Amino acid sequence: MLAWRRTVLALLAVDLFIWRSWLVSGPLPAPDFRGICALTAAAATVVLSGCLLARSRQLRAGTGAPPSFLLNLAAAAVVTLGLTTVAASTLGR
């Protein structure tokens with residue numbers, strides 16, 4: 001459970017950095033790539049938080065293995081956030 005908490009805390013930190021870089025960039029007439037990165041990072045954090053809640057409920061009920069769908073969803077959220085972070089830092093230059 002502690003590893004999940006650290007992961008969610010890291011995701012929130014990355015989200016804050018991406019949102020800060022997007023908001024500091026100034027007024028934009030239309031959504032740009034940094035805005036898309038910010039929304040994607042927020043969505044990945046919400047998905048991973050949902051996985052955390054679902055898994056913690058399962059662990060309270062028993063010690064069974066997590067469903068593969070939940071693991072695949074969590075892995076996809078982490079990979080998406082990683083790609084979003086790279087894209088946001090590249091576009092921020």
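Bear in mind that the values here come from a model prediction, so they are computed numbers and not experimental data.
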Hydrophobic cluster partners of [X] (side-chain heavy atoms under 4.5 Å):
X     : value
Leu70 : none
Leu53 : none
Leu73 : Val47, Phe69

Determine all donor-acceptor pairs shorter than 3.5 Å in which one atom belongs to a side chain in residues 35-46; sequence neighbours excluded.
{"residue": "Thr40", "atom": "OG1", "partner": "Ile36", "partner atom": "O", "Å": "2.8"}
{"residue": "Thr45", "atom": "OG1", "partner": "Asp15", "partner atom": "OD1", "Å": "3.4"}
{"residue": "Thr45", "atom": "OG1", "partner": "Asp15", "partner atom": "OD2", "Å": "2.4"}
{"residue": "Thr45", "atom": "OG1", "partner": "Ala41", "partner atom": "O", "Å": "2.9"}

Non-neighbouring partners of Ala74 that pass side-chain contact (heavy atoms from CB on, under 4.5 Å), sequence neighbours left out: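 Testing Ala74 for side-chain contact (heavy atoms from CB on, under 4.5 Å), a comparison that skips the adjacent residues, returns Trp4, Leu48, Cys51.
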Verdict with reasoning, Val86 to Thr90, per side chain to side chain contact (heavy atoms under 4.5 Å, CB included): CA-CA 6 Å; Val86 169; Thr90 303; 4.1 Å; yes
In one Ile/Leu/Val/Met/Phe/Trp/Tyr side-chain cluster, 4.5 Å: Leu59, Leu71: no
side-chain hydrogen bond (donor to acceptor under 3.5 Å, both in side chains) contacts in which one or both residues fall within residues 65-79, not counting sequence neighbours: none
